Amino acid sequence: MLLIRGKLWEDGRMEEAMADLETHLTHALSGPPLDPMLVVDACDRLARAIEAGEYAAALEEFLSVHEVPREMVDQAIGLFRRESLLYKLHMELGEGALEPLCADGHVWQRRRFPLGVLFHIAAGNVDGLPAYSVVEGLLAGNINLLKLPSADAGLSVRLLHALTQVEPALADYIYVFDLPSTDLDGMTRLANLSDGVVVWGGDEAVRAARRLAHPGTKIISWGHKLSFAYATADATMDDLRALARHICQTGQVLCTSCQGLYVDSDRFPVVKRMAEELFAALQEAARELPPVDPGLRGQATLRLYNEQLEAAHTGRQVLRGGGVSVLLCPDRELELSFLHGNCWVKGLPRDRLIETLRGKKEYLQTAGLLCAPADRPVLTELLCRAGIVRVTEPGLMSRTVAGEAHDGTFPLREYTRIAEGLW
Amino acid sequence: MDARARVFNHHDPYDLKGTEDAFVAAMRENALFQQAGCADYARILREQDFDPASIQSMRDLERLPFLPTLYFKRHKLFAMDEKKLLIQATSSGTGGVKSHIGFDNLGMYYGGRMVLTMARRHRLFSPKPCNYLIFGYERTKENQTAISKTAYGATFFAPALHRTYALRWRNGQYELDLDGMKQALLRYSRSPFPVRFMGFPAYTYFFLSSLREEGIRPRLPVGSKVMFGGGWKQFYTQKVEKETVYRLVEEVLGVPESGCVEFFGAVEHPILYCDCARHHFHVPVYSRVIIRNVDTLKPVPYGTPGLVNLLTPMTKSMPILSVMTDDIGILHPPGSCGCGISSPWLEILGRVGVKDIVTCAAGAEEFLKG
């Protein structure tokens with residue numbers, strides 16, 4: 001489905017939608033800038049309407065298709081509330097940074113401007129995230145062209161359509177297209193109409209976006225990230241349980257999901273004991289959740305069987321049962337897990353942390369910390385120096401809180417530019 | 001005599017009962033050969049405490065250690081001198097990693113016998129020359145994937161007048177040339193000779209859909225066939241039913257459903273499966289299928305979805321005698337198809353790692369119980 005100036009269009013009308021797009025964009029850009037308060041009001045009204053049950057049927061349908069815990073949905077709706085968005089605006093675009101520029105008796109005022117037109121190339125791993133990406137673009141005052149991921153179930157386009165219904169003034173600032181990323185011609189045309197390309201996805205997606213756009217076009221990439229947990233030998237069983245719940249609940253498919261556990265030790269028995277404790281905690285957590293889809297379980301089963309065949313070469317051990325597993329590894333490599341309740345455990349003494357993560361810096365994101373409170377500051381400092389941008393309690397690795405930085409930066413600042421002039 | 005001979009020279013390709021002893025003997029011989037020739041395979045047998053000499057029945061084959069396709073992507077396993085192998089094929093490589101598979105001379109000979117028997121049984125041979133439209137890669141020295149070999153191989157069932165490829169090799173890369181295919185189709189449809197389509201179902205489907213949209217409906221000469229190979233995996237998210245494709249073939253090309261033929265096989269399991277009149281893949285004598293539980297890898301009964309484990313004694317060059325694919329499928333019991341072929345039939349539901357492939361299938365209920 002396409003969303004063109006507040007109207008939903010059927011699939012396959014891409015050409016028609018593109019025909020006079022540039023004229024409409026130029027027209028909107030010629031008018032006064034978009035007032036962020038209009039966006040805040042519209043999002044808040046929509047969030048309240050959803051909370052009041054106005055979209056209950058659509059929401060129930062969505063929840064029945066996707067195994068998303070209700071609390072995550074509530075959390076996501078909360079991000080659209082007025083207080084969340086105002087806090088976000090204040091945190092990211094706070095006027096403090098914009099004091100006038102003074103030199104040699106001259107004074108130039110500073111103001112923030114939107115980049116203009118943002119082209120969002122969305123990824124499919126979090127439902128509704130494409131819509132949030134557009135809302136961020138709107139808050140910064142931009143016109144937004146959104147290319148939906150091929151796996152999108154339609155939630156984003158429905159949310160954005162509802163937003164234009166609540167506030168018709170936003171209609172000229174939101175365009176949703178359904179072209180496949182293999183349609184290079186269409187993608188290039190959209191990129192050429194844009195002042196910034198916001199790309200969500202892996203290295204390949206980011207590389208492709210760079211090829212699409214003019215060399216001068218700003219590329220804002222939210223690439224795939226890896227997150228892990230870090231435990232000292234005295235980590236508590238409570239912390240391991242919280243980590244296990246996080247692992248099973250997120251299915252390990254989020255950038256912030258824990259892929260594996262590093263133990264602050266190079267003594268194998270210590271690492272092994274931790275692996276066994278985490279395995280027990282994972283089994284416990286999995287029992288309380290609905291079983292993982294058989295197609296996904298089958299994939300993990302094959303990979304683990306393959307690990308067992310390779311064990312003679314790799315020295316890795318598999319602990320497995322109850323729909324979860326732990327791969328106990330003698331190496332220190334940061335890697336993706338087999339997902340859906342299957343994670344690795346490796347020894348990594350703190351004095352080897354920086355050198356081990358050195359080559360992976362651009363992929364690092366969240367670290368869950370399992371240690372005594374007294375150890376937290378020093379380990380947080382070390383992890384952040386290694387490249388981690390969020391250190392959290394083990395159960396809160398995938399927290400979603402308004403105003404938090406994203407991959408080490410504030411998105412709204414990325415979507416704007418600072419102008420100095422004679423106001 | 002090589003124990004494979006009795007399996008691969010058998011006249012009826014679906015006589016599983018009549019070939020069972022020969023199949024078991026050939027598997028035993030193959031397993032012993034691999035154990036002696038491939039150190040890594042011998043190590044795996046040892047670790048799983050399996051003695052190939054103990055293979056005496058089909059039940060014993062359930063215990064025979066199987067290798068997942070992933071293992072072939074990461075390790076080169078040869079039981080013969082790699083340089084002496086006749087053909088080397090690489091799988092199309094999901095995620096860019098390819099497995100290297102080589103075939104021994106005698107294995108290729110038996111493969112040829114199999115193709116002859118299957119093609120005869122399914123009436124694929126025709127003395128009448130045909131024009132071929134191939135929805136696959138033009139054969140080059142660079143492209144060694146099994147799909148291009150199968151597509152090319154299938155053009156020998158009837159003498160080829162001309163072959164046109166959808167993916168042409170130009171200036172060092174493949175280019176999709178649908179317009180060239182369209183022109184060739186129109187040209188061929190005016191010729192008195194039958195046309196044979198060959199290639200991925202998805203490409204054929206999209207090509208025919210675009211012809212329909214443009215209102216192009218060439219009537220192909222009598223005896224024309226539409227052959228599919230390479231799986232329906234591009235369709236997993238689209239959920240296009242096979243019946244939809246057959247209807248489209250009839251509507252656009254005038255080829256009846258009986259003129260549609262589908263093949264199934266894998267580089268790691270180079271056995272030619274050919275669909276029956278009801279478009280089901282019956283297990284031929286050269287192959288056996290064990291469906292395994294997605295968690296425990298234990299064999300499951302007929303009708304229950306699980307991981308698809310394929311067995312064949314065809315090749316001696318490598319330990320591909322029992323291969324675990326990345327597919328989830330169901331083995332339906334003998335007689336449940338109704339086409340007259342007595343062997344069980346294999347239904348592929350989808351690839352592991354994809355959600356909901358099982359829940360939308362008929363056997364979902366049993367899966368949940370299991």
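The sequence lines fix the lettering, A, B, ..., with proteins before strands; numbering per chain opens at 1. Treat the numbers as computed from the prediction; the structure is a model and nothing was measured.
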> Near B:Asp49 CG, under 6.0 Å, is it more than 12 heavy atoms from other residues, nucleotides or ligands?
Replying inline: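 Incorrect, the count does not exceed 12.
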>> More than 12 heavy atoms of other residues, nucleotides or ligands under 6.0 Å from CD of A:Glu204: yes or no?
In response: yes
> Step by step, would you call B:Gln48 with A:Leu309 a side-chain contact (heavy atoms from CB on, under 4.5 Å)?
Replying inline: CA-CA 9 Å; B:Gln48 300 196 22; A:Leu309 292 181; 3.5 Å; yes
> CD of A:Glu307 to CG of B:Leu70: how many Å apart, nearest 0.5 Å?
Replying inline: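 It is 8.5 Å, given to the nearest 0.5 Å.
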>> Would you compute the distance between atom OG1 of B:Thr325 and atom CG of A:Leu302 and round it to the nearest 0.5 angstrom?
In response: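 Here the interatomic distance stands at 7.5 Å.
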> Which region of B:Arg43, side chain (C-beta onward) or backbone (N, CA, C, O), has a non-hydrogen atom less than 4.5 Å from a non-hydrogen atom of chain A, or is it both or neither?
Replying inline: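 Only the side chain of B:Arg43 comes within 4.5 Å of chain A.
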For the student: nearest non-hydrogen atoms of [X] and [Y], plus distance:
{"X": "A:Tyr305", "Y": "B:Phe66", "result": "OH-O, 2.7 Å"}
{"X": "A:Gln299", "Y": "B:Gly353", "result": "OE1-CA, 3.1 Å"}
{"X": "A:Pro294", "Y": "B:Ile328", "result": "O-CD1, 4.2 Å"}

> Sequence neighbours excluded, which residues qualify as side-chain contact (heavy atoms from CB on, under 4.5 Å) partners of A:Glu15?
Replying inline: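 A:Glu15: side-chain contact (heavy atoms from CB on, under 4.5 Å) contacts with A:Arg189.
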> Heavy-atom distance under 4.5 Å between the side chains of B:Arg74 and A:Asn306, does that happen here?
Replying inline: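 When only atoms from C-beta onward are counted, A:Asn306 and B:Arg74 do touch, with a gap below 4.5 Å.
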>> Taking side chain as everything from C-beta outward and backbone as N, CA, C, O, which of these in A:His313 sits under 4.5 Å from a heavy atom of chain B? Side chain, backbone, both or neither.
In response: side chain
> Most heavy-atom pairs under 4.5 angstrom with chain B, which of A:Arg303, A:His340, A:Gln308, A:Arg320?
Replying inline: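 The answer is A:Arg320.
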